[in-house]
Protein chains: 2
Amino acid sequence: MKDIARQAGVSQSAVSFALNGRPGVSEDTRDRVRRVAEELGWRPSTAARALSGEGAATVGFVLARPAETLGVDSFFLQLVSGIQEVLAERHLGLLFQVVEDVEDECDVYRRWWAEHRVDGVLVVDPRTDDPRTGVLDELGLPGVVIGGAPDERHPGLSTVWADDAGAMAAVVDELYALGHRRIVHIAGLPGLAHTERRIRTLRAEAERRGLTGVKSVTTDYSDAAGAAVTRRVLEWSAPPTALIYDNDVMALAGVAAATELGHSVPGDVSVVAWEDSALCRMVKPWLSALSRDSVEFGRTAATELTALLDGGPARTVRVPVPRLIVRDSTGAARGT
Amino acid sequence: MKDIARQAGVSQSAVSFALNGRPGVSEDTRDRVRRVAEELGWRPSTAARALSGEGAATVGFVLARPAETLGVDSFFLQLVSGIQEVLAERHLGLLFQVVEDVEDECDVYRRWWAEHRVDGVLVVDPRTDDPRTGVLDELGLPGVVIGGAPDERHPGLSTVWADDAGAMAAVVDELYALGHRRIVHIAGLPGLAHTERRIRTLRAEAERRGLTGVKSVTTDYSDAAGAAVTRRVLEWSAPPTALIYDNDVMALAGVAAATELGHSVPGDVSVVAWEDSALCRMVKPWLSALSRDSVEFGRTAATELTALLDGGPARTVRVPVPRLIVRDSTGAARGT
DNA sequence: TGACGGAGCTGAACCGCATTAGTGCATACT
DNA sequence: AGTATGCACTAATGCGGTTCAGCTCCGTCA
């Protein structure tokens with residue numbers, strides 16, 4: 001900036017005003033300064049900016065998963081890709097970190113805050129009784145909870161959520177109409193907000209219809225767990241006729257396991273995957289799946305965060321309900 | 001630091017010396033300062049550190065892929081996870097960005113450099129005639145090329161690579177021993193260094209054995225491409241008896257396509273996937289696959305980068321050759 | 001005609017740290 | 001006793017921006 005100032009024949013403050021669109025310089029001077037800056041290929045040092053109170057121009061994203069369970073999951077990359085689209089426009093950086101668990105995640109937030117590394121964070125995989133929201137509150141760090149429940153409001157935290165309850169109800173509707181009465185839901189990690197929401201909704205829907213053979217089983221999202229649970233439930237004396245898997249990986253593993261045990265899909269058992277991806281069309285039969293636009297989800301979350309950083313109010317935003325794409329893995333229940 | 005200085009009854013410089021392990025303070029004072037700092041929960045502001053010439057304590061990672069092709073790919077998350085392990089230890093941040101193509105990636109490097117945002121970068125998916133290495137050279141930005149060819153050396157850039165050639169040779173050995181003479185390699189993106197290396201090796205191996213029915217076809221790594229190429233080549237008058245897919249996703253799609261056309265795996269055609277993941281054990285038959293430790297790959301790359309940041313020399317490091325895990329998708333060629 | 005005000009610009013302080021050039025004091029040496 | 005040496009520490013400076021309190025010049029209005 002000193003160089004620009006010299007070359008444009010003005011003071012450094014004038015350069016600052018000119019380049020930041022602040023009043024205090026004539027349009028004439030502003031143009032001249034801009035040209036010189038352009039010519040010199042000037043870019044503001046984020047460090048210097050951050051130091052003089054402008055914020056770090058960076059948002060944080062922590063993934064709390066042990067390395068091993070970072071398996072085949074298209075969701076996160078797509079989410080991040082959507083987030084990036086929005087952040088890149090505003091020249092905001094994305095600081096990314098993988099940790100083991102939410103406790104570590106809280107530490108990361110604390111550190112980032114103390115080091116002035118980020119202006120805000122994106123929180124994924126919200127849980128019931130999540131310690132992270134409290135920490136963010138305490139630090140006064142703006143954040144957007146992705147996939148959070150709309151009820152647990154924290155001042156300063158926005159929430160972007162998908163209507164899991166509505167989607168689950170739709171799936172049950174569909175299966176019920178096909179004659180299914182015994183349904184098992186192979187859920188994801190217990191304690192995750194959306195897992196619990198899906199489980200609650202399934203139970204409510206079952207009760208509403210007086211179904212007793214409906215159950216949720218939590219897992220760690222792994223293909224191994226999906227296969228194991230599938231084998232177990234199919235050996236019940238009254239096995240389920242429909243299976244709802246909380247991700248595509250488990251659904252695939254489940255179908256393989258069921259087939260191996262001699263159960264045909266969808267003849268003996270129908271399968272629905274919660275998360276549509278290329279995987280669902282890579283096996284026979286093609287899997288019926290709940291489809292949502294993860295990239296758009298990311299865009300929405302990032303947009304909310306930028307709004308928060310601009311001083312906007314915390315909001316709760318709902319993204320479209322996941323749609324059930326009916327393919328070949330769902331059919332009429334045996335005997336109907 | 002001012003607060004610490006006051007509370008410890010020393011000057012701010014003494015605090016700086018004490019906390020950075022520099023000489024100039026007594027052990028006594030050092031301890032006292034450390035305790036006060038601990039008590040106050042002090043963390044150095046990265047912005048201030050960066051400003052006073054210490055570097056940004058951050059490394060950059062750019063993924064140049066259009067959003068759509070960020071499909072089911074476990075490789076990158078695992079790689080990043082390994083990178084993180086090493087970086088987290090040293091309290092280095094990872095600035096992550098997704099862009100459309102390498103040109104944009106170069107721009108990102110330029111911007112990061114000008115903004116003093118990163119101290120070094122990790123470059124993935126190196127290409128033949130890659131513009132990025134030139135840009136990094138020009139900027140003097142330390143970098144590690146992940147998966148690069150060992151021959152294209154650039155001063156200041158380290159390279160971490162897997163021996164694709166050796167792995168390809170091993171695969172051909174295995175298939176040849178099983179009696180396969182017509183082999184098609186469904187490769188990844190043309191222009192990627194490792195794609196070209198695999199193609200070259202396959203051609204060389206074929207020539208060495210006098211095989212004429214050996215061919216590589218490049219794709220965009222998508223399941224759709226994998227399926228399409230599979231269908232096309234299986235309809236040749238002399239169809240291949242073995243298929244090598246450059247990733248697991250295409251292999252899966254390929255098996256599905258082949259089965260659909262009435263070709264049994266491995267009866268009519270053997271299949272090898274380049275990249276082992278849970279996917280390979282989620283279909284019947286289980287896929288034979290080349291397995292490598294992507295997490296370790298990431299660790300190695302990050303370690304090289306930290307060495308570079310510490311002022312070490314640029315090096316070329318080889319990670320272990322991918323191992324061929326023989327499962328059920330490979331068998332004797334028909335008629336042998 | 002002189003007080004007033006605003007537009008356009010400058011100088012200096014400041015953000016939080018690292019670093020360098022001193023400063024004061026005790027100890028070792030001649 | 002006088003001087004060189006070393007140690008523990010302080011004061012001052014700079015990194016690259018932003019910001020705020022002036023300052024000057026010029027037009028306006030009573």
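So you know, we letter chains A, B, ... as the sequences are listed, proteins then strands, and number each from 1. Keep in mind that the numbers below use all heavy atoms, side chains included, and drop hydrogens, waters and symmetry copies.
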Where protein sits on nucleotides 7-17 of chain D, one letter per nucleotide: B base, S sugar-phosphate only, - none, heavy atoms under 4.0 Å = -SBBBB-BBBB
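A:Glu38 has no carboxylate O lying under 4.0 Å from a charged side-chain N of A:Arg35, or vice versa, which leaves the two without a salt bridge.
Here the CZ-CG distance, from A:Arg315 to A:Leu157, works out to 14.5 Å after rounding to the nearest 0.5 Å.
For C:dT19, one of the phosphate oxygens OP1 or OP2 lies less than 4.0 angstrom from a side-chain nitrogen or oxygen of B:Arg22.
Considering only heavy atoms from C-beta on, B:Asp119 stays 4.5 Å or farther from B:Thr58 through its side chain.
Applying the side-chain hydrogen bond (donor to acceptor under 3.5 Å, both in side chains) rule to A:Asp104 yields no partners; only residues at least two apart in sequence or on another chain are considered.
With A:Glu105 as reference, A:Arg132 is the one residue of A:Arg111, A:Arg132, A:Arg110 to meet the salt bridge (Lys or Arg N to Asp or Glu O under 4.0 Å) rule.
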